[in-house]
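Since the structure comes first, as structure tokens, the remarks are kept for the end.
On a predicted model such as this, the values are computed, not experimentally measured, just so you know. What you see below is based on every heavy atom in this structure, not just the backbone, and it leaves out hydrogens, waters and symmetry mates.
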Amino acid sequence: MAYDALLLVSFGGPEHPDDVLPFLANVTRGRNVPPERLAEVAEHYEHFGGVSPINQQCRDLLAALRSGSDVPVYWGNRNWHPMLADTVAQMRDDGVRRALAFVTSAYGGYSSCRQYLEDIAAARAAVGPDAPVIEKLRHFHDHPGFVEPHADAVRQARATLPPGGDVRLVFTAHSIPASMAASAGPSGGLYEKQLHETAGLVASLGAPELPWDLVWQSRSGPPHVPWLEPDINDHLRAVAEKGVTGVVVSPIGFVSDHLEVIWDLDNEAADTARQLGMAYARAGTPGTDPRFVAMVHDLVSEQVNAGTLPVRDTCQAGCCLGGRS
């Protein structure tokens with residue numbers, strides 16, 4: 001089937017100190033997050049001048065995608081400008097009738113997949129009956145264009161640690177409520193399953209000699225609600241007690257080094273490691289690695305040729321809705 005545009009869809013982030021609280025209000029709308037928790041998260045942004053790196057990273061990816069695309073490439077965000085509905089309106093005005101959407105999340109689950117489908121549907125509804133048809137590209141957690149840059153980054157980070165010692169490879173991803181994890185995918189558990197698959201692939205390519213673990217970061221929400229554990233900091237303390245002297249931390253849950261990676265790993269987790277006397281190296285993310293950019297075009301070709309190539313990850317009507325919160 002023919003498509004006349006590609007749409008990059010991402011989370012969004014503030015680009016000025018005055019943007020921070022309105023942005024966080026967008027992120028947490030309807031979730032009854034207490035003001036003190038928003039103030040705590042806002043303080044993280046203050047360390048970076050109130051600017052999240054994610055929007056510039058999207059601009060860089062947008063430029064890379066445009067350089068290799070035969071159709072116009074647009075960009076819209078879930079939570080901050082350019083807002084998705086505004087972008088869809090621009091697409092309509094430009095005469096776009098059918099587009100494919102690449103979402104900067106590799107995995108299945110409510111917040112990582114289904115919510116983006118809802119965002120796209122809401123944006124189209126806001127634009128009206130002339131809005132272009134937009135189809136989301138599939139999950140890409142096991143695609144070589146995602147796995148290989150992560151593996152190379154692990155290899156490079158490993159090389160920065162002192163020789164010798166007991167070193168572990170620690171993969172991280174964004175924690176989510178346990179109920180959301182349980183309902184992810186048609187049969188449940190898809191978010192964790194895909195992350196374990198990615199971790200195994202990256203480990204086998206990047207550091208096959210190291211034992212590895214998958215842990216979680218960036219938890220939010222009230223303490224009484226169960227979320228995926230262990231947290232990266234708790235895990236570092238646990239392995240230190242077992243004699244681990246160094247860790248390579250790979251944020252496979254992310255496609256670029258946005259604020260949660262920089263704050264939670266380069267600040268909080270790195271500080272925990274220092275307190276433990278543990279050598280610490282954080283691996284990078286794909287960003288605009290040419291293999292990652294080529295992967296996006298590969299996913300587009302796969303969708304365009306859906307009649308001859310197997311297209312996975314077609315969502316059922318109620319997929320991933322059980323853990324919405």
Side-chain angles (χ1 to χ4, degrees), residues 6-13 26-27 52-55 57-58 60-62 65 74-80 83-84 87 100-123 134-143 145-147 149-150 171-177 180-181 183-185 189-199 201-202 214 216-220 227-228 250-261 264 284-289 292-293 295-296 298-300 302-303 312-315 319-321 323-325:
L6 175 63
L7 172 62
L8 172 64
V9 185
S10 194
F11 192 81
N26 286 344
V27 173
S52 168
I54 192 170
N55 270 8
Q57 290 161 1
C58 282
D60 295 341
L61 180 57
L62 185 70
L65 290 171
Y74 296 83
W75 166 40
N77 287 326
R78 169 185 290 173
N79 296 301
W80 203 246
M83 299 298 288
L84 187 55
T87 300
L100 291 173
F102 174 75
V103 170
T104 56
S105 172
Y107 303 96
Y110 178 69
S111 60
S112 53
C113 180
R114 168 61 65 177
Q115 191 173 4
Y116 281 108
L117 293 172
E118 294 177 352
D119 294 335
I120 291 169
I134 301 172
E135 297 180 20
K136 178 183 173 294
L137 294 168
R138 71 168 175 89
H139 306 157
F140 52 89
H141 73 286
D142 57 352
H143 195 287
F146 182 65
V147 170
H150 273 298
F171 294 107
T172 71
H174 204 300
S175 184
I176 60 174
M180 188 181 291
S183 66
L190 183 63
Y191 181 66
E192 293 170 276
K193 177 178 181 291
Q194 289 179 330
L195 278 158
H196 275 97
E197 289 176 0
T198 304
L201 291 168
V202 173
L214 173 63
W216 311 96
Q217 64 171 88
S218 310
R219 182 209 155 114
S220 60
W227 283 52
L228 295 179
S250 172
I252 56 168
F254 305 89
V255 303
S256 64
D257 286 10
H258 60 69
L259 189 131
E260 286 176 312
V261 173
D264 294 353
T285 48
T288 56
D289 186 289
F292 184 67
V293 175
M295 178 202 75
V296 180
D298 184 48
L299 296 178
V300 170
E302 179 185 279
Q303 187 74 17
R312 297 175 287 164
D313 305 326
T314 300
C315 292
C319 190
C320 299
L321 294 179
R324 179 193 290 173
S325 66

Q | Partner set under side-chain contact (heavy atoms from CB on, under 4.5 Å) for T87, not counting sequence neighbours | A |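 With sequence neighbours excluded, T87 shows a side-chain contact (heavy atoms from CB on, under 4.5 Å) to L7, Y74, P82, M91, given in chain and number order.
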Q: Identify, with sequence neighbours excluded, every residue that meets side-chain contact (heavy atoms from CB on, under 4.5 Å) alongside P149.
A: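 Testing P149 for side-chain contact (heavy atoms from CB on, under 4.5 Å), a comparison that skips the adjacent residues, returns P286, D289, R291.
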Any residue meeting salt bridge (Lys or Arg N to Asp or Glu O under 4.0 Å) with [X], in chain and number order, not counting sequence neighbours:
X: R219; result: none
X: D264; result: none
X: K136; result: none

(Q) Go through it in stages, so that I can follow the logic: the residues are W75 and N55, the test is side chain to side chain contact (heavy atoms under 4.5 Å, CB included), and I'd like the CA-CA distance, side-chain angles, deciding distance and then a yes or no. (A) CA-CA 10 Å; W75 166 40; N55 270 8; 3.6 Å; yes
Listed partners of [X] passing side-chain hydrogen bond (donor to acceptor under 3.5 Å, both in side chains), at least two apart:
X: W227; value: none
X: S111; value: none
X: T285; value: D257
X: T104; value: S10

Do you know which two heavy atoms are closest between [X] and [Y], and how far apart they sit?
X: L137; Y: V296; result: CD1-O, 4.5 Å
X: H174; Y: S218; result: CE1-O, 3.0 Å
X: C58; Y: L8; result: O-CD2, 3.7 Å
X: G108; Y: S112; result: O-OG, 3.1 Å
X: G13; Y: W80; result: O-CD1, 3.3 Å
X: P251; Y: G284; result: CD-O, 4.4 Å

Q: Check step by step if side chain to side chain contact (heavy atoms under 4.5 Å, CB included) holds for Y107 and L195.
A: CA-CA 7 Å; Y107 303 96; L195 278 158; 3.3 Å; yes
(Q) Closer than 4.0 angstrom, basic N to acidic O: yes or no for E197 and K193? (A)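 Answer for the salt bridge query: yes.
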Residues that [X] engages under ring-ring contact (aromatic ring centres under 6.0 Å, His included), provided they are two or more places apart:
X: H150; result: F146
X: H143; result: none
X: F254; result: H258

Pairwise distance [atom1]([X]) to [atom2]([Y]) - rounded to 0.5 angstrom:
X: N26; Y: N77; atom1: CG; atom2: CG; value: 10.5 Å
X: L259; Y: I54; atom1: CG; atom2: CD1; value: 9.5 Å
X: E135; Y: L117; atom1: CD; atom2: CG; value: 11.0 Å
X: Q57; Y: D60; atom1: CD; atom2: CG; value: 7.5 Å
X: L6; Y: Q303; atom1: CG; atom2: CD; value: 11.5 Å
X: T172; Y: I252; atom1: OG1; atom2: CD1; value: 7.5 Å

Q. How far apart are the C-alpha atoms of V255 and F140, what are their side-chain angles, what is the distance that settles it, and do they pass the side chain to side chain contact (heavy atoms under 4.5 Å, CB included) test?
A. CA-CA 11 Å; V255 303; F140 52 89; 4.1 Å; yes
[Y] backbone acceptor or donor facing [X] side chain under 3.5 Å:
X: S175; Y: L228; value: yes
X: R138; Y: L299; value: no
X: T198; Y: H141; value: yes
X: N79; Y: F11; value: yes

